[in-house]
Amino acid sequence: MSDDDPWLWLEDVQGERALAWVRERNAETLAELQARPDFAPTRERLLRILNAKDRIPAVQRIGDRLYNLWQDETHKRGLWRRTTLAEYRKAAPAWETVLDLDALGAAEGENWVWAGATCLGPAWRRCLVSLSRGGADATVVREFDLVDKRFVEGGFALPEAKTDVAWVDPDHLYVGTDFGPGSMTDSGYPRVIKRWRRGTPLAEAVTVFEGEKQDVAVDVSVDHTPGFERTTLVRMLDFYRQQVMLLQADGRWQPLPVPEQARIAFMHSAGVRGDTLLIELRSDWEVGGVRHPSGALLAIDARAFAAGRREFQVLFEPGPTRSLAGFTFTRRHVLLNVLDNVSGRLEEWRRHGDGRFVRRAIDAPAPGSFSIAPLNDPLRRDDPLAEKYLLSYTGFLTPDTLWLARTGHDRRATLKTLPAAFDAAGLQAGQHVATSRDGTRVPYFVIGPRGEARPRPTLLYGYGGFRIALNPRYMRPVGAAWLERGGVFVLANIRGGGEFGPRWHQAALREHRQRAFDDFIAIAEDLIARGVTTPAQLGIEGGSNGGLLVGAVMVQRPELFNAVVCQVPLLDMRRYHQLLAGASWMAEYGNPDDPADWAFISRYSPYQNLRAGVRYPRALIATSTRDDRVHPGHARKFAARLRELGHPVLYYENIEGGHGGAADNEQRATLQTVEYTYLWQQLGRRE
């Protein structure tokens, strides 16, 4: 397809002509799918699951309270609320409402969606609350008082933009936002950081740092821990490389001499002697006469590092099947979340007075996935929760369990358990391996009925990018709308993801992108060869980069599939870097303006490779008007091009929702029902 794009007008996100096209497509899709007898009961079931009162409330500690955003049928946009740990341990905690998003939106005539809060310790009274219109990444920021439970009159306030803010002290902020022409990067994020004093106009804020226009973003954080006060600035050179700088007493920014692809963290707490620098490597690093591999986690005394010493202690080193899924820390322990053949394992490393760490394996269920949330307040010297943390466990057929755990032993108190959302009797989960085109063994999980082996409607889900791992988890909508009705669900752990560390991700970067598609195709072929499904019963699904995955695979091997759910996708890889945040992903995909890069991108870009005279599976393309990360023009133009070439396609665009596709549970239920009704229509009848 030439650069003279006849569907370019669909990139006008709020344009009248484009929105008229969207509404017409939405009406066609809903008229067809809502007419099916399973649409209404499926939506009712999914909405009931999403609004269920017995969900586990996700909490964040701020001061002495645990805060949660709660959405249900009465509070569609949500209540920001709080409780104590003692109350949270009860079956029915007493919650105190801090901010009612629905009431706020009604009073102000806005469709506010919660986007988080940045609060100032150690008093933990003032917060910078971020609110999004319709779920977009861009937010407005307002100062909020947690004691009075109201916005501060005359307090800090920032207009809608992709903004980064940090408290310097009660009367000063560091702000990165849209200050006007030239203040944002090509990717649409802040490149200028200013120091803003309370009571003065934003225009008078003093510039403290400027990145380059081609950078992805610049952001700043302030550590207020007594004895370890530190201001850190991160200049993102591209999506994976960054320059880390520390603010010096004379106002200079001193670069921290670590690899550009490393992630760093400082571990310390009030009243603790010593400060540890943790470095997670994303590339090999030869330093101090030792070669440390990509994927390793290193520890060193921060003062020793500043003085030039480079004798690291290795807390984690990757293996053929082992990778580091994440790390965090309590007052004296580093907690590691390890993936071993895509199954979670836990370790803790205790820091002793001499700065050395000692390892202990944590006994926890397997297989499955974990998430860890320390409760330590590093600003508080006498914190009773200094060594406690929340540990969540989940598996494909195992509803989530949330424990209150403590370092040093494996005893845990069960706080919450998620009731079963679907009937798992007769279901099983297993791991299998497919061989990709180049001989690489690629694992995948299959969840479906045990016993009688016969081809069934099968949904293959994948992502394969940006170092994101797809791990076992309890998927309530999938279980209720797909597995319970006799379908098979498959989770693909293809290259480009983070399942086996940086090497697995880097194997599918840029000119090697086709490997991710080949892996996905190999799994599809393996499912068919093993008799799990047939091409007529096989559907594929992916969102964002996963939307690019299923779009490319649909175009390359259309005969393998009979359904494609393509969500908030990238599809026009000729123009992706010119649309919204697209420029930030050139380290992942390459630069289409570079002829050498376009040579390999053009071979798989779904939009450019659509052809007439080919039988493509009838796809469902879904996006959101308010997605200001991946431009909705990708989805719109792909659907329009399919229609132009005479191919049947369904299209659904939620007018709100941001990159997540939906802003509240009603919208989520509708979107999910559209997807599952379409899948059953394409792939089979109810068992």
Side-chain angles (χ1 to χ4, degrees), residues 1-3 5 7 239 434 436-438 440 442 460-468 492 494-497 504-525 540-561 564-579 582-617 619 621 623 630-631 633-642 645 647 649:
M1 189 173 189
S2 72
D3 290 339
D5 186 350
W7 300 106
F239 205 83
S436 194
R437 176 194 280 183
D438 63 1
T440 299
V442 184
L460 170 59
Y461 184 89
Y463 188 79
F466 294 94
R467 216 160 40 211
I468 294 173
I494 62 177
R495 283 174 287 184
W504 196 247
H505 166 242
Q506 292 162 5
L509 277 179
R510 291 174 46 83
E511 66 269 26
H512 303 303
R513 199 77 197 169
Q514 183 61 39
R515 291 174 178 169
F517 309 146
D518 289 344
D519 291 356
F520 201 64
I521 289 168
I523 293 172
E525 292 176 331
I540 53 177
E541 179 181 12
S544 192
N545 171 78
L548 169 62
L549 167 71
V550 298
V553 168
M554 159 190 164
V555 171
Q556 292 180 16
R557 294 294 304 276
E559 78 284 0
L560 285 178
F561 315 106
V564 179
V565 179
C566 186
Q567 306 159 321
V568 290
L570 287 91
L571 294 165
D572 180 356
M573 300 304 289
R574 186 71 185 88
R575 286 179 49 76
Y576 85 90
H577 63 313
Q578 300 176 33
L579 301 173
S584 65
W585 309 320
M586 287 194 288
E588 181 84 8
Y589 303 121
N591 181 358
D593 291 337
D594 182 331
D597 286 7
W598 179 240
F600 58 77
I601 296 171
S602 64
R603 288 196 289 270
Y604 71 76
S605 181
Y607 185 53
Q608 279 75 25
N609 281 285
L610 287 173
R611 299 288 181 266
V614 178
R615 184 192 175 279
Y616 296 119
I621 315 297
T623 190
V630 176
H631 198 290
H634 286 278
R636 293 175 179 181
K637 295 196 304 178
F638 192 72
R641 178 66 174 156
L642 282 167
L645 295 172
H647 303 297
V649 62

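Values in this document were obtained by computation on a predicted structure and should not be read as measured data.
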With side chain to side chain contact (heavy atoms under 4.5 Å, CB included) as the criterion, how do L549 and Y463 come out once you've worked through the C-alpha distance, each side chain's angles and the decisive distance to 0.1 Å? CA-CA 7 Å; L549 167 71; Y463 188 79; 5.7 Å; no

Smallest separation among heavy atoms of [X] and [Y], with atom names:
| X | Y | answer |
| --- | --- | --- |
| H634 | D572 | ND1-N, 3.0 Å |
| S605 | M573 | OG-N, 3.0 Å |
| I621 | A639 | CG1-CB, 4.4 Å |
| W598 | P592 | CB-O, 3.4 Å |
| I523 | A492 | CD1-CB, 3.5 Å |
| A522 | A434 | O-CB, 3.8 Å |

Between the main-chain N or O of [Y] and the side-chain N or O of [X], is there a donor-acceptor pair closer than 3.5 Å?
| X | Y | value |
| --- | --- | --- |
| D597 | N591 | yes |
| H647 | L610 | no |
| R515 | A507 | yes |

I'd like to know whether R574 forms a salt bridge (charged side-chain N to carboxylate O under 4.0 Å, His left out) with D593, so could you lay out the CA-CA distance, the side-chain angles of the two residues, the decisive distance to 0.1 Å, and finally the verdict. CA-CA 8 Å; R574 186 71 185 88; D593 291 337; 3.6 Å; yes

With the side chain counted from C-beta on, respond yes when [X] and [Y] share a heavy-atom pair under 4.5 Å apart, and no when they do not.
| X | Y | answer |
| --- | --- | --- |
| I521 | Q556 | yes |
| L571 | C566 | yes |
| P558 | P617 | yes |
| F517 | R437 | no |

Just by distance, with hydrogens left out, do H631 and Q578 show a side-chain donor and acceptor under 3.5 Å apart?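 Distance-only check fails for H631 and Q578.
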
Parallel, tilted or perpendicular: ring planes of Y576 versus W585, cut at 30 and 60 degrees: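 The rings of Y576 and W585 lie parallel, inter-plane angle below 30°.
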
Validate the cation-pi geometry between R641 and W7: distance from NZ or CZ to the six-membered ring centre under 6.0 Å, angle to the ring axis within 45°.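 No, R641 and W7 do not form such a contact.
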
If you round to the nearest 0.5 Å, how far is OH of Y604 from CG of N609?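 It is 10.5 Å, given to the nearest 0.5 Å.
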
From M586 CE over to I601 CD1, what is the distance, rounded to the nearest 0.5 angstrom?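 Rounded to the nearest 0.5 Å, the CE-CD1 separation comes to 9.5 Å.
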
Can you check whether Y589 and F600 have ring centres sitting under 6.0 Å from each other?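 No, they do not, as the ring centres are separated by 6.0 Å or more.
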
Can you list everything that forms a side-chain hydrogen bond (donor to acceptor under 3.5 Å, both in side chains) with T440? Sequence neighbours excluded, please.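 Partners of T440 by the side-chain hydrogen bond (donor to acceptor under 3.5 Å, both in side chains) criterion, ordered by chain and then number, come out as D438, R495.
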
For L460 and F520, what are the C-alpha separation, side-chain angles and deciding distance, and is it a side chain to side chain contact (heavy atoms under 4.5 Å, CB included)? CA-CA 9 Å; L460 170 59; F520 201 64; 3.5 Å; yes

Within residues 548-559 or reaching into it, pairs that qualify as salt bridge (Lys or Arg N to Asp or Glu O under 4.0 Å) - sequence neighbours excluded: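 Checked against salt bridge (Lys or Arg N to Asp or Glu O under 4.0 Å) - neighbours excluded - the pairs reaching residues 548-559 are E525-R557, R557-E559.
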
Considering only NZ, NE, NH1 and NH2 on the basic side and carboxylate oxygens on the acidic side, decide whether D518 and R513 come within less than 4.0 Å.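 No, D518 and R513 are not salt-bridged.
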
With side chain to side chain contact (heavy atoms under 4.5 Å, CB included) as the criterion, how do Y461 and V565 come out once you've worked through the C-alpha distance, each side chain's angles and the decisive distance to 0.1 Å? CA-CA 9 Å; Y461 184 89; V565 179; over 6 Å; no

With sequence neighbours excluded, residues passing ring-ring contact (aromatic ring centres under 6.0 Å, His included) with H577: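 Partners of H577 by the ring-ring contact (aromatic ring centres under 6.0 Å, His included) criterion come out as none, since no residue qualifies.
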
Would you please test V550 and E541 for side chain to side chain contact (heavy atoms under 4.5 Å, CB included) and show each step? CA-CA 6 Å; V550 298; E541 179 181 12; 5.6 Å; no

